[in-house]
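In what follows, a structure is listed as structure tokens, so that the remarks can point back to it.
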Number of protein chains: 2
Amino acid sequence: MPRTSSTRAPGGAVTLQQVATAAGVSLATASRVLHGSGGRRVAEALAERVTAAAAELRYVAHAPAQSLARSRSTVVGVLVHDIADPYFAAIAAGAMGVAREHDLMVLVANTFRDPDLERDYLARLRAQRARAVLLAGSAFVGEPFAEEVAAFAESGGRVAAIGAHGTGIDTVVPDQYGGGRLVAEHLVGLGHREIGVITGPAGLATVAQRLAGFTSVVSGPRLLHADFTREGGRTAAHELLGRHPELTAIFALNDLMAAGALAALRELGRRVPEQISVAGFDDLPVATDLTPALTTVRLQLADIGARAMRLLLDGEPGGRLVPAPAELVVRESTGRASTLH
Amino acid sequence: MPRTSSTRAPGGAVTLQQVATAAGVSLATASRVLHGSGGRRVAEALAERVTAAAAELRYVAHAPAQSLARSRSTVVGVLVHDIADPYFAAIAAGAMGVAREHDLMVLVANTFRDPDLERDYLARLRAQRARAVLLAGSAFVGEPFAEEVAAFAESGGRVAAIGAHGTGIDTVVPDQYGGGRLVAEHLVGLGHREIGVITGPAGLATVAQRLAGFTSVVSGPRLLHADFTREGGRTAAHELLGRHPELTAIFALNDLMAAGALAALRELGRRVPEQISVAGFDDLPVATDLTPALTTVRLQLADIGARAMRLLLDGEPGGRLVPAPAELVVRESTGRASTLH
DNA sequence: TCGCAGGCGGAAAGCGCTTTCCACCCCCAC
DNA sequence: GTGGGGGTGGAAAGCGCTTTCCGCCTGCGA
């Protein structure tokens, strides 16, 4: 039985060399046994000695050294706007599950919708020789995007995105457009004609698409920009109703803002859905617990994250588009347009 | 001006050597210029040539190689139960902010409260030579904890935890006990005597502490174990009231379960707070939007995450304890105990 | 019995970077 | 004018691992 403390390197870490010595084999053999899969076979007896020694010494391979030698690392990056936003948390969770199946670790970074930050993280990920990066909601809509991504791809990493699909990039495309249209059809079907829309940050592809779907059915809704946060939704609702008291329905482009809108309506004493209907988008867990329970569009976020990660790790990269369905979930916050207002 | 494509390595990545060559200096000089801080000075003119060449070639240092040479990496790990749980998402977000200030990347992993998974990730983080790891809600309450952590620390990494403080580990200690007591005092102050508690997963330190705080004021409450999820809270509330219809208040040990409990009460037609009061714990964003708005205990989660990360990166490690306050937030879900039930 | 092929262990050459150590050059002092 | 010292650039030795290539040994066939 090898000594434990005396064989430890000063840094405290056990090296392959130490394992090899303890097992009485060469470095190369030890490497072959522990990494195994590389074509070559090692005699049973030796392999066992190595495995035993490794376990005994609690050997853990030095990942940076492996990355260097193999010139590929075992980490993937996930870039989100803000992990504290449940929308992205759900996506990240889905992606992390798949990454684990592939024995990869996940670096998560908040870009806060800041192109500079995103560029910076992309460079850092490139520095880490991250095997891949998932852009879950990129700040880039147009071309600058392509350039940064190209640099990453050129150094051997794979790139996939959710939503805003750039040129030739594997993308999971949630049906934002379809979702917007479903809401519009639903509201129109209930007799609503005067509808206000609380939109998200300008320049976000998600926003543009949801809105486009909506306006494909309802022309010229009252628009007000907000920032995808609950508070933003609340003040926007106040303002929207101040300007257009005739509205019989509000469509908030995400659930967080819808929650804020409901709060605003409560403050104004407007009953939902009797006096005014409210719809959201995303079907976050919170949607069920709002009062009234929120009519919204369900995106299977965890699944979307998982698919994106699979796009990143399986198959041949290059411009694949995976659609993800949007589904209307009718709850209690929408009802027939009231004739009086 | 150096050629761009012809100097690129086959892998697509630019190496320091290429930058050095392009700038007409040695590898060593290039390294000194780009890493700079290492004591030695380089003549102005050369430094500029190197910087220019690096920019020109879009050079990004190979992080694994740096980690290997310096024997320290630039990543830190954050282990959470589930990033999709808003409680942990908030903590992670806080931690990530601080990590960014220190130019570190954050590896996030879901342990799902599984000790084996946690052990596994700890080993992987050790393999990455992660500079530090934050255990935000560990699965380990007792001793096995110490052993795994010791292995990590022995190989040069720092460890900090949130909540369950192990021997000699830097820890941010949210005042779970105090929070539990605040709820108890609040409910008792409102005249409640028959109180049910929906607890979390057995063996979680958080659960034990919140409960201990509560029972330090209220002896022998009706207990029912659940799993910290909304659905768990809902079924638990149903069961609790089935068994003990005389309850005038329910304390759910986290907000998610409180949301479930409110749903259950709605299903049962029990009015909150007129007929029965409900309190939660955590003050998640959703608390405000529940109906009625939830009385709960506020933990400053992002701040807790940030402090923990600072503990990890600043100062001398070893057994520091940073308390984080718990604050009662009284909203509408709690009221005077009804005399009739 | 000898030759050759196949199998398997080991030596060694990197992977890209940091950092020590050496050598050189310039300048100052004697 | 020459010797020595400080400062600055470069060569080279690793960091821990993978992987090619080499050589040995074994076993089989003739």
Side-chain angles (χ1 to χ4, degrees), chain A residues 7-50 53-54 57-74 126-129 155-156, chain B residues 7-50 53-54 57-74 126-129 155-156:
Chain A
T7 40
R8 288 276 166 86
V14 178
T15 72
L16 224 208
Q17 180 58 261
Q18 295 173 27
V19 173
T21 308
V25 300
S26 81
L27 184 57
T29 303
S31 172
R32 279 195 274 258
V33 171
L34 295 179
H35 178 50
S37 53
R40 278 282 293 272
R41 270 193 35 200
V42 173
E44 194 73 12
L46 285 199
E48 272 176 22
R49 289 225 306 274
V50 173
L57 295 171
R58 294 179 136 281
Y59 171 72
V60 176
H62 191 297
Q66 278 182 312
S67 299
L68 180 58
R70 293 218 191 108
S71 59
R72 70 196 303 225
S73 79
T74 58
R126 182 151 67 98
Q128 296 288 344
R129 295 303 185 269
S155 61
Chain B
T7 41
R8 287 278 166 85
V14 179
T15 72
L16 225 207
Q17 180 58 261
Q18 294 173 28
V19 173
T21 307
V25 300
S26 82
L27 183 59
T29 303
S31 172
R32 279 195 274 259
V33 171
L34 295 178
H35 178 50
S37 52
R40 277 283 292 272
R41 270 192 35 198
V42 172
E44 195 72 10
L46 285 199
E48 273 175 22
R49 288 223 309 272
V50 173
L57 295 171
R58 294 180 139 281
Y59 171 71
V60 175
H62 191 299
Q66 279 183 312
S67 298
L68 181 57
R70 294 219 190 105
S71 59
R72 67 195 305 225
S73 79
T74 59
R126 182 149 70 95
Q128 295 288 345
R129 295 304 186 267
S155 61

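Quick note on labels: first sequence line is chain A, next is B, and so on, each numbered from 1. Just so it is clear, the structure is predicted and the values come from calculations on it, not from any experiment.
The distance from atom CZ of Arg49(B) to atom C1' of dG9(D) is 12 Å, rounded to the nearest whole Å. Taking atom CD on Glu44(B) and atom P on dG7(D), their separation rounds to 17 Å, with Å as the unit. Rounded to whole Å, atom C1' of dG10(C) lies 12 Å from atom CG of Leu46(A). Rounded to whole angstrom, the span from the NE2 atom of His62(A) across to the P atom of dC15(C) amounts to 19 Å. The CG atom of Leu57(A) sits 15 Å away from the P atom of dG16(D) (whole-angstrom rounding). We find that CD of Gln18(A) is positioned 13 Å from C1' of dC15(D), with the value rounded to whole Å. In this structure, Gln17(A) atom CD and dG10(C) atom P are separated by 11 Å, rounded to whole Å. Rounded to whole Å, atom P of dT20(D) lies 12 Å from atom CZ of Arg70(A).
A donor-acceptor distance shorter than 3.5 angstrom exists from the side chain of Thr21(B) to the backbone of Gln17(B), with no hydrogens or angles considered. The backbone N or O of Ala23(A) lies less than 3.5 Å from a partner atom in the side chain of Arg49(A), making a donor-acceptor pair.
Shown here for Leu34(B) and Leu16(B), the closest heavy-atom pair between the two residues is CD1-CD2, 3.8 Å.
A donor-acceptor contact closer than 3.5 angstrom links the side chains of His35(A) and Arg70(A). Side-chain polar atoms of Gln66(A) and Ser73(A) form no donor-acceptor pair below 3.5 angstrom. Between Ser67(A) and Gln128(A), the side chains place no donor N or O within less than 3.5 Å of an acceptor N or O (distance only, hydrogens not considered).
Of all nucleotides listed (dT18(C), dT18(D), dG9(C)), dG9(C) comes nearest to the side chain of Ala43(A). Proximity note for Tyr59(A) (side chain, C-beta onward) versus dT18(D), dG16(C), dC17(D): the nearest is dC17(D).
Residues Val19(B) and Val14(B) form a side-chain contact, since some pair of their non-hydrogen atoms from C-beta on lies under 4.5 Å apart. Two residues are said to be in side-chain contact when any heavy atoms from C-beta on lie closer than 4.5 Å; Leu46(A) and Val33(A) fail this criterion.
Note on Ser31(A): a side-chain N or O is less than 4.0 Å away from OP1 or OP2 of dT18(D). Residue Gln66(A) places at least one side-chain N or O closer than 4.0 Å to OP1 or OP2 of dT18(D).
The end-to-end axis angle of the helix from dT1(C)-dA30(D) to dC30(C)-dG1(D), rounded to 10 degrees and based on five pairs per end, is 60°.
For the pair Gly24(B) and Ala65(A), nearest-nucleotide mapping onto DNA chain D gives the more 5' position to Gly24(B). Of the two residues near DNA chain C, Pro64(B) and Thr29(B), the one whose nearest nucleotide lies more 5' is Pro64(B).
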Close N/O contacts between protein and nucleotides 11-14 of chain D (under 3.5 Å):
none

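Here NE2 of His62(A) is found 4.5 Å from CZ of Arg129(B). Values are rounded to the nearest 0.5 Å.
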